Amino acid sequence: MTVQTLVGASVPAPGRELEVYDFQRPTTLGRDQMRALSLAFDNFSRQWGTQLTAMTHVLARADVVSIDVERYGEFADTLPEFTALVLLSVDGMTSHAILQLAPDVALSWVGRMLGGNARIQPPARIFTAIEDAVIGRLVDYVIEDLTYSLGDQLSGGLSVFETQYNPQMAQAMRAGDFAIVVRFTIHVGDHESAAILAFPIDALAPRENRTDTSEGDHERLLGTLETAPVTIALQLESATVGPNDILNLSEGDLLRLPHPEYRPLNLTVDGVPIARAAAGTSGARLACVIVTIEES
């Protein structure tokens with residue numbers, strides 16, 4: 001292979017690695033965000049290993065292998081034709097995040113969680129309803145740990161959408177969309193397997209690109225709340241009656257209310273009692289006089 005050196009170009013020092021820049025896949029994450037994501041996913045992997053240890057009753061560990069930015073179509077082409085893809089909804093987004101697991105590995109975890117023989121490796125197949133429910137419980141813990149570890153780097157809440165087994169049918173994102181792909185190595189007992197988390201790149205937006213609640217924002221919020229219209233009402237204590245009593249009502253019937261005549265009325269704001277008041281008048285209009293304030 002012939003290497004040409006441009007005149008005036010700096011030659012890298014021996015042993016220094018050069019990073020190839022792909023103009024078809026430009027870098028979209030800054031160093032600070034990549035460093036923050038690395039710390040977050042390292043923390044998540046430790047929590048994931050702890051959860052797997054507790055659920056499978058054998059020592060488990062999760063290690064982050066890589067964090068990359070890839071086009072979703074290219075990423076989907078690298079997945080096996082048959083695999084378990086748990087699609088995760090991201091609040092406020094139409095695209096989905098993905099947790100990819102090998103079906104046989106996930107089924108072996110289910111077997112351990114249910115007290116089965118850990119030496120028997122189940123075949124890769126579609127999960128039954130019971131298996132899907134058990135794996136769903138495991139995924140719920142994954143979501144909880146992800147939400148805690150990523151914190152404000154995650155643009156919206158996560159929830160399970162569905163499970164797919166064909167990457168081409170999953171359609172979690174558009175083929176040309178960029179995704180943040182995090183690859184893991186999972187050790188459960190003496191068995192090693194791979195797992196992948198993939199997020200739409202906008203789901204892990206930098207903090208500076210999103211609205212942050214500052215002290216000024218807090219004051220403006222309070223100012224808005226102070227001028228927001230609310231409905232107030234004077235109410236008697238409510239009575240509980242059965243459907244027959246209501247259906248059989250006729251003109252002239254009396255309903256007993258548990259409100260003593262000497263007790264002030266309840267002053268409510270949108271149905272929530274905040275004070276007690278006595279009824280009165282102010283000129284030609286009805287009014288009330290605050291007697292006591294209800295503290296909650």
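Just so you know, these numbers come straight off a predicted model, no measurement behind them. Starting from 1, each residue takes its place in the sequence as its number.
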message = What I'd like to find out is whether the side chain of Arg46 reaches to under 4.5 Å of the side chain of Asn43, using heavy atoms alone.
response = yes
ask   = Within the side chain of Asp253, is there an N or O that forms a donor-acceptor pair under 3.5 Å with the backbone of Ser250?
value = yes
Worksheet item: Are any non-hydrogen side-chain atoms of Arg276 and Leu265 less than 4.5 angstrom apart?
Response: no
query: Is the CD1 atom of Ile130 crowded by more than 12 outside heavy atoms at less than 6.0 Å?
result: no
With sequence neighbours left out, the residues meeting salt bridge (Lys or Arg N to Asp or Glu O under 4.0 Å) with Asp68 are Arg183
Side chain of His259, backbone of Pro264: donor and acceptor closer than 3.5 Å? yes
Practice prompt. For side-chain contact (heavy atoms from CB on, under 4.5 Å), just list the numbers for Leu88 and Ile143, CA-CA rounded to whole Å, side-chain angles, deciding distance to a tenth of an Å, and then say yes or no.
Written response: CA-CA 9 Å; Leu88 306 176; Ile143 291 176; 3.9 Å; yes
OG (Ser45) and CG (Leu52) are apart, to the nearest 0.5 Å, by 11.0 Å
For Leu85, the other hydrophobic cluster members (4.5 Å side-chain criterion, sorted by chain and number) are Tyr72, Phe75, Leu79, Leu87, Ile98, Phe161, Met173, Val181, Ile196
Minimum side-chain heavy-atom gap Leu257-Glu237 below 4.5 Å = no
Report task. Without swapping roles, check the side chain of Thr83 against the backbone of Leu101 for a donor-acceptor pair under 3.5 Å. Result -> yes
A side-chain contact here means heavy atoms from C-beta on lying under 4.5 Å apart; do Ser193 and His191 qualify? yes
Between the CG atom in Leu158 and the NE2 atom in His96, the distance rounded to the nearest 0.5 Å is 11.0 Å
CG of Leu154 to CG of Leu146, rounded to nearest 0.5 Å, is 7.5 Å
- Query: Are the side chain of Thr268 and the backbone N or O of Pro273 linked by a donor-acceptor pair below 3.5 Å?
  - Reply: no
What one should report as the nearest heavy-atom pair of Thr56 and Arg112 is O-CB, 3.7 Å
Here the pair of heavy atoms bringing Pro80 nearest to Gln100 is CD-NE2, 4.5 Å
Sorted by chain and residue number, the side chain to side chain contact (heavy atoms under 4.5 Å, CB included) partners of Pro123 (sequence neighbours excluded) come out as none
Exercise for the section: Go through the steps to decide whether Asn166 and Glu81 satisfy the test side-chain hydrogen bond (donor to acceptor under 3.5 Å, both in side chains), and finish with yes or no. Expected result: CA-CA 6 Å; Asn166 186 335; Glu81 294 183 3; over 6 Å; no
By side chain to side chain contact (heavy atoms under 4.5 Å, CB included), Pro122 pairs with (sequence neighbours left out) Leu107, Ser108
Using the rule that two of Ile, Leu, Val, Met, Phe, Trp, Tyr join whenever any of their side-chain heavy atoms come within less than 4.5 Å, decide whether Val188 and Leu114 are in one cluster. yes
Apart from Val291 itself, members of its ILVMFWY cluster (side-chain separation under 4.5 Å) are none
query = Are a donor atom and an acceptor atom from the side chains of Thr128 and Glu131 found within less than 3.5 Å of each other?
reply = yes
*asked:* Could you see if Leu197 belongs to whatever hydrophobic cluster contains Met34? Use Ile, Leu, Val, Met, Phe, Trp, Tyr and a side-chain cutoff under 4.5 Å.
replied: yes
Answer yes or no: does atom CZ of Arg263 have more than 12 heavy-atom neighbours from other residues, nucleotides or ligands under 6.0 Å? yes
inquiry  = I want to check something: taking the side chain as every heavy atom from C-beta on, are Met113 and Val134 in contact at a cut-off of under 4.5 Å?
reply    = yes
Ion pair present between Arg137 and Asp140, side-chain N to carboxylate O less than 4.0 angstrom?
no
Item to check | Stepwise side-chain contact (heavy atoms from CB on, under 4.5 Å) check, Val139 with Tyr141 | outcome: CA-CA 5 Å; Val139 175; Tyr141 284 121; over 6 Å; no
* **CZ (Arg125) with more than 12 external heavy atoms under 6.0 Å** => yes
### Task
Answer whether the closest heavy-atom distance between the side chains of Val58 and Thr53 falls below 4.5 Å.
no
- Hey, can you tell me if Trp109 and Trp48 have their rings parallel, tilted or perpendicular (30° and 60° cut-offs)? perpendicular
According to a hydrophobic-cluster definition based on side-chain heavy atoms being under 4.5 Å apart (Ile, Leu, Val, Met, Phe, Trp, Tyr only), do Ile126 and Val86 belong together? yes
Grouping ILVMFWY residues whenever side-chain heavy atoms fall under 4.5 Å, the cluster of Val272 otherwise contains none
Note: Gln153 and Ala36 closest approach over all heavy atoms is OE1-CB, 3.5 Å
All heavy atoms of Val90 vs all of Ser155, minimum pair found to be CG1-OG, 4.3 Å
On a heavy-atom basis, the closest approach of Leu234 and Cys288 is CD1-CB, 3.5 Å
Across all chains, not counting sequence neighbours, the salt bridge (Lys or Arg N to Asp or Glu O under 4.0 Å) partners of Asp42 are none
By side chain to side chain donor-acceptor pair (under 3.5 Å), Thr281 pairs with (sequence neighbours left out) none
Using a 4.5 Å side-chain heavy-atom cut-off and chaining through intermediate ILVMFWY residues, the residues clustered with Leu247 come out as none
Value for CD (Glu70) from CG (Asp177), rounded to nearest 0.5 Å, stands at 13.5 Å
From the list Val269, Asn266, Ile232, side chain to side chain contact (heavy atoms under 4.5 Å, CB included) with Ile274 holds only for Val269
So do the side chains of Val110 and Phe127 get within less than 4.5 Å of each other, counting heavy atoms only? no
Exercise for the section: Might you confirm whether atom CG of Asn248 has over 12 heavy atoms from other residues, nucleotides or ligands at distances under 6.0 Å? Expected result: yes
Pair Phe44, Tyr148 - check ring pair (Phe, Tyr, Trp, His ring centres under 6.0 Å), show working. CA-CA 8 Å; Phe44 163 73; Tyr148 174 79; over 10 Å; no
Keeping Ser149 on the side-chain end and Phe41 on the backbone end, is there a donor-acceptor pair under 3.5 Å?
no
Across all chains, not counting sequence neighbours, the side chain to side chain donor-acceptor pair (under 3.5 Å) partners of Arg61 are Asp63, His187
Taken in chain and number order and not counting sequence neighbours, the residues that satisfy salt bridge (Lys or Arg N to Asp or Glu O under 4.0 Å) with Asp91 are none
Contacts of Glu192 meeting salt bridge (Lys or Arg N to Asp or Glu O under 4.0 Å) (sequence neighbours excluded), chain-then-number -> none
**Asked** Taking the side chain as C-beta and beyond, is there a heavy-atom pair between Ile186 and Val105 under 4.5 Å?
**Response** no
- Query: Do Leu39 and Val182 share a hydrophobic cluster (ILVMFWY, side-chain heavy atoms under 4.5 Å, transitive)?
  - Reply: no
Value for CD (Glu162) from CG (Asp132), rounded to nearest 0.5 Å, stands at 10.5 Å
